[in-house]
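For reference, the structure is listed below as structure tokens.
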Amino acid sequence: MKYQRDMIYFGDIDQLMSDIHLNQYSSIFILCDENTVSACLPFFHQVFGQIEREVIVMGAGESNKNIGTCDHVWKSLLSAGADRHSLLINLGGGVVGDLGGFCASTYMRGIDFMQIPTTLLSQVDASVGGKTGVDFHHYKNLIGTFSQAKATYIDARFLTTLPPREMKNGLVETLKHALIADKELWVELANRQTPDNETLAFIKRSVGIKQNIVQQDPLESGCRKVLNFGHTIGHALEHLALSQKLDIRHGEAVAFGMMAATWLSVWNGALSTESALAIEQVILPYCTVTPTPEQCEEMLHLMKSDKKNKGQEVRFTLLNEIGSAVFDQIVNVSSVKKSILQCIDTVNRYQHPRVE
Ligand SMILES: NC(=O)c1ccc[n+]([C@@H]2O[C@H](COP(=O)([O-])OP(=O)(O)OC[C@H]3O[C@@H](n4cnc5c(N)ncnc54)[C@H](O)[C@@H]3O)[C@@H](O)[C@H]2O)c1
Ligand SMILES: [Zn+2]
């Protein structure tokens, strides 16, 4: 894939409108989910006017990120007369963006799409980097494409209706970007917890980190893997929770995974204990879901069965120090287990402090 840096407009309405006009689309469609159609579409119309031929609405949440929903989107496009010169605008979180991007990249061998992310997670992460896709049976993002949006429009005003749990969910990825690549951002975030009125500035910096990494390795054959910090254990926890229909957000699982990977970084000899303790203090409030010690074995099994890993070893992205990461680090399964059990204990002690 020929990769060009994503066209991202931070609150620049005129630029997005001019892109849309320049391309002379035959028709424009907007994909929303059942929440963003009421929480975000009115603001979209206020800002951009009613530019669409039709609004397509899908169910909200990860459970709708599947081929059945694509069928609904493709059918809606077809019956409303979408052709090869139509544009699909995805107005929603990472689910709408991933699924809408996938539908657009496959409809009539690919039509243009634009991303208007409305959750913090999708603004700092999912809408950048050209990955689209849907889940298949219990496998996350198994079916998908690398396809770049024609443009991405990021506006922090969409976040005013976002529930606090979703804000925290997105902040985890922002903290991850800082930990792997920007010590200064980490210090600022660690001292403030929520980016409040300077949200857009923080989003811009976070997006910049991801863009720089993706630009060097668009297809994830090398350094893009640093973005997976916290995701090896995080994905195993998320997979387990989702297969048991437990309520878990991606960021909550990744927070737990980041804490465990932080200790693995110490034991592998690179990160100082002092830094690990400082990281732990910041991440702990985001670790709202932990596995049980029994589930630990299942998580290890999931990690070992990943085709990237061999025998008793698992590959991890680890930290050298705050602001610098290395990928493809081989870690022994027994250390992984130790890190998970230690983090379960730390989170339990944090959530239920003992009264002396
Ligand atoms: N493509 C990538 O590179 C990439 C990267 C990270 C995550 N992802 C994907 O992103 C998805 C998670 O994204 P998410 O956390 O945004 O989830 P989401 O899209 O399910 O949104 C979370 C919830 O917030 C609601 N919502 C969205 N915007 C709102 C607003 N402004 N006000 C009120 N409610 C709003 C949604 O309806 C939903 O209920 C996962 O499927 C993950 O795989 C993709
Ligand atoms: Zn993630």
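Owing to the predicted nature of the structure, the values given are computational and were not obtained by experimental measurement. FYI, side chains are in, hydrogens and waters are out, and symmetry mates aren't considered; it's all heavy atoms of this structure. Just follow the structure's listing: the first ligand is 1, and inside any ligand the first atom is 1.
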Next item on the list: Would you please write out the protein residues whose heavy atoms approach any atom of ligand 1 to under 4.0 angstrom, listed by chain and number?
Entry: Asp33, Asn35, Thr36, Ala39, Cys40, Ala60, Gly61, Glu62, Lys65, Gly93, Gly94, Val95, Asp98, Thr118, Thr119, Leu121, Asp125, Ala126, Lys131, Lys140, Asn141, Phe158, Thr161, Leu162, Glu166, Asn169, Lys210, Arg249
Notebook entry, point to check: Looking at Asn212, Val214, Ile213, which hits side-chain contact (heavy atoms from CB on, under 4.5 Å) with Lys210?
Noted result: Val214
Check: Do Glu238 and His231 meet the criterion of a side-chain donor-acceptor pair at a distance under 3.5 Å?
Finding: no
Note to self: Restricting to N, O or S atoms, which atom of Glu173 is closest to the Zn ion (ligand 2)?
What the structure shows: OE2
Item checked: Side-chain donor-acceptor contact under 3.5 Å, Ser122 with Ser127 -> no
Next item on the list: Consider only side-chain N and O atoms of Asp6 and Gln148, and report whether a donor and an acceptor are under 3.5 Å apart.
Entry: yes
Let me check something: any side-chain donor-acceptor pairs from residues 109-116 under 3.5 Å, sequence neighbours excluded? List them with distances.
unit_1, atom_1, unit_2, atom_2, d
Asp112, OD2, Tyr25, OH, 2.6
Gln115, OE1, Asn90, ND2, 2.8
Gln115, NE2, Gly97, O, 3.2

Check: Do any N or O atoms from the side chain of Lys176 and from the backbone of Leu227 form a donor-acceptor pair under 3.5 angstrom?
Finding: yes
Checklist line | Short N/O/S contact of Asp125 with the Zn ion (ligand 2) (below 2.8 Å) | finding: no
Next item on the list: Quick one: the NE2 of His250, the Zn ion (ligand 2), NE2 of His231 angle, rounded to 10°, please.
Entry: 100°
Item checked: Donor on one side chain, acceptor on other, Thr69 and Asn66, under 3.5 Å -> yes
